[in-house]
There are 2 protein chains.
Amino acid sequence: MMGPDSPGVNKGAMTSEDYIPAALRRLWRMPESSRLGRPAALDVDLIVAAAVEIADRDGLGGVTIPKVAKSLGFTGMSLYRHVGSKDELLTLMADAASGTPPDLDTDDWREGLRDWAFALRAVSWRRPWLTRVPASGPPSGPNQIAWMEAGLAILSRTRLDWAHKVGILTLINGYVVQWVRQYSELAEGRAAEGRGQADAERDYGRALVRLVDPGRFPETARLFASALFETLPSDTPDATIADADFSLGLELILDGVAVRVERS
Amino acid sequence: MMGPDSPGVNKGAMTSEDYIPAALRRLWRMPESSRLGRPAALDVDLIVAAAVEIADRDGLGGVTIPKVAKSLGFTGMSLYRHVGSKDELLTLMADAASGTPPDLDTDDWREGLRDWAFALRAVSWRRPWLTRVPASGPPSGPNQIAWMEAGLAILSRTRLDWAHKVGILTLINGYVVQWVRQYSELAEGRAAEGRGQADAERDYGRALVRLVDPGRFPETARLFASALFETLPSDTPDATIADADFSLGLELILDGVAVRVERS
DNA sequence: CTTCTTTAGTATATCTGTGATACTTTCTCT
DNA sequence: AGAGAAAGTATCACAGATATACTAAAGAAG
């Protein structure tokens, strides 16, 4: 997978106790030991920043090794000196773009978790591509750990056990990711092509309604016939709808958490 | 995007009222009108079945147009007669592989939703690649609609409004998908390379523990130091742990739903 | 200062995949 | 029979990931 010359693989040089995988070392920006040879013009931070900028502009699909390199004035292959693979680059981007969580220490765990969820949503909403980075492994970058730490801090006053704490944070995080992914997809579709896209969308919806046979799918047919899809798309301000929809699921989760907190 | 000859685009032939996008027509297996010209040896079902088989064996990444075609004894390009794009093929695969939901009509919504979630988990667990199909748009295939119908049927005896019903099903579905994605990733990693992978995994975990400075991340450090990660990996049967873990989040959601049901 | 070593960046090439275009084949209908 | 339509095929252009081997630039050792 990696050339004979690839970055930071000095595994043999350390005892098994000290060994830290290269990917982790880069994620945590551990200083590269040597000061020999030609000094580097590139580094992980530069590359990740350039990649994030492209993702912000063109989406995750716009991030390719050659494009990132070109935006920095280097050749594609140069990136591989600093980053193990494209997948690793995505992981690095995700951690960097997540940023550090805001300060939200409260005595009230419910308020705290709500703030945490809204903060997470804000971050993801600003960079919807974050929700599409294929998750490879548990959170392991400094920023993602920091978000987890913030969540655990909120729950630290409860008597929940670790499994519950982790489970709750994972659940909320997953909810936020899913919600943003779905909503941003809609919003992007709408923005994509002034009117043609909206037309296509409406056509699609209308066609779907026609395909859902009330005999076979009675409840779904009633759902489609309900006001839910008729009123939403136009009149109310978008943010209001979105907040209401987001809160619906979130508060439901928080109600569930409340049951556990009381029980413990 | 599509050639001048591409499949089923006879938009002009129908009034705007009857128009159904080609992708939807294929998803719902609407019969192709004409009986002229050379009869087709291939069809959507054959292609999708072949693609699913490959995904089952090699994962989603193993599904490429040429490989699917070759497994059927045709050239890559032939598939484009029956399927608009690779993305569309993925959508078709996802719907087909979801299958129809089991019968789970109960008077008890809680039991019903639990069964629904477990059934969904079983399906996803059997084909983990399902959880990695990039979701393009709301559920719109017949099988996905059928699952939604099953969920709505369970909730039909409650007085919840449509927004709540949809929100609850989306939440549970999202939870299942996330859970399976995470767990199957772990399991695949473990299976990948007898021991080397497990070693790498342990190294990774150990390294991470070392990186998490208790000063900066006190709660997380305590979490890592807790028994949670020490006991899990080996002694208890996997399925037991998995069920307990899955149920933790699920029951939490159901507790939240209970609050809403009572309130309505 | 020169030469050695080490590391950074580059050039080149392979492999794989998507999908466009235009061609050939094989049907049905008249 | 033969016209016309649709299915499948042959080529092709293009793009991207990444291995391999090379060139260049810097400090260290003499």
Side-chain angles (χ1 to χ4, degrees), chain A residues 1-10 13 22-23 26 31-47 50-51 54-55 58-91 134, chain B residues 1-10 13 22-23 26 31-47 50-51 54-55 58-91 134:
Chain A
M1 211 103 190
M2 291 202 275
D5 237 14
S6 50
V9 200
N10 14 343
R26 292 191 279 265
E32 291 303 317
S33 40
S34 81
R35 204 167 293 103
L36 256 66
R38 181 177 173 180
L42 279 172
D43 65 18
V44 173
D45 279 306
L46 268 173
I47 294 170
I54 291 176
D58 306 335
L60 202 57
V63 177
T64 69
I65 297 284
K67 269 200 262 179
V68 173
K70 185 167 299 180
S71 86
L72 290 163
F74 292 85
T75 65
M77 287 314 290
S78 64
L79 302 201
Y80 287 104
R81 286 283 164 199
H82 306 273
V83 148
S85 67
K86 188 182 176 183
D87 263 16
E88 196 191 305
L89 176 58
L90 294 181
T91 303
Chain B
M1 212 105 189
M2 293 203 275
D5 239 15
S6 50
V9 201
N10 16 345
R26 293 191 278 265
E32 290 303 316
S33 41
S34 82
R35 203 168 293 104
L36 255 65
R38 182 178 174 178
L42 280 172
D43 64 18
V44 173
D45 278 307
L46 270 172
I47 294 171
I54 292 176
D58 305 335
L60 203 57
V63 177
T64 70
I65 297 284
K67 270 200 259 179
V68 174
K70 186 167 295 179
S71 87
L72 290 163
F74 292 85
T75 63
M77 287 313 291
S78 63
L79 302 201
Y80 287 106
R81 286 284 164 196
H82 305 273
V83 147
S85 67
K86 189 182 176 185
D87 262 17
E88 196 191 306
L89 176 58
L90 294 181
T91 303

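- Between the side chain of A:K67 and the backbone N or O of A:G62 there is at least one donor-acceptor pair closer than 3.5 Å.
- The shortest heavy-atom contact between A:L42 and A:H82 is O-CE1, 3.2 Å.
- With values rounded to the nearest 0.5 angstrom, A:E88 atom CD is found 5.5 Å from A:S85 atom OG.
- Distances were taken from every side-chain heavy atom of A:M77 (C-beta onward) to each of C:dT12, D:dG16, C:dA8; the shortest belongs to C:dT12.
- The shortest heavy-atom contact between B:I65 and B:G76 is CG2-O, 3.5 Å.
- Computed from coordinates, the A:Y80 OH to D:dT18 P distance equals 4 Å when rounded to whole Å.
- Nearest to the side-chain atoms of B:P66 among the listed nucleotides D:dT18, C:dG9, C:dT18 stands C:dT18.
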Self-check item: Where protein sits on nucleotides 23-30 of chain D, one letter per nucleotide: B base, S sugar-phosphate only, - none, heavy atoms under 4.0 Å
Solution: -BBS----
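- When heavy atoms are screened at a 4.0 angstrom cut-off, A:S78 is found touching base atoms of the nucleic acid.
- Phosphate contact (OP1/OP2 of D:dG8, side-chain N/O of B:H82, threshold under 4.0 Å): present.
- To the nearest 0.5 Å, the span separating CD1 on B:I54 from NZ on B:K70 amounts to 10.5 Å.
- One finds the CG atom of A:L90 at 6.0 Å from the CG atom of A:D87 (value rounded to the nearest 0.5 Å).
- Per the geometry, CD belonging to B:E88 stands 14 Å off P belonging to C:dT18, to the nearest Å.
- Atom CG of B:L79 sits about 4.5 Å away from atom CD1 of B:I47, to the nearest 0.5 Å.
- Going from atom CZ of A:R81 over to atom C1' of C:dT6 covers 11 Å, rounded to whole Å.
- Separating the CD1 atom of A:I65 from the P atom of C:dT14 is a distance of 21 Å, rounded to the nearest angstrom.
- Atoms CD1 (A:I47) and P (C:dA8) sit 11 Å apart, rounded to a whole Å.
- If you measure from atom CG of B:L46 to atom P of D:dA7, you get 14 Å, rounded to the nearest angstrom.
- Look at CG on A:L79: it is 17 Å from C1' on C:dT7, rounded to the nearest Å.
- One interatomic measurement links the two molecules: CG of A:D43 to C1' of C:dG9, which rounds to 14 Å at whole-angstrom precision.
- Minimum atom distance to the side chain of B:T75 is reached by D:dT9, of the listed D:dT9, C:dG19, D:dA21.
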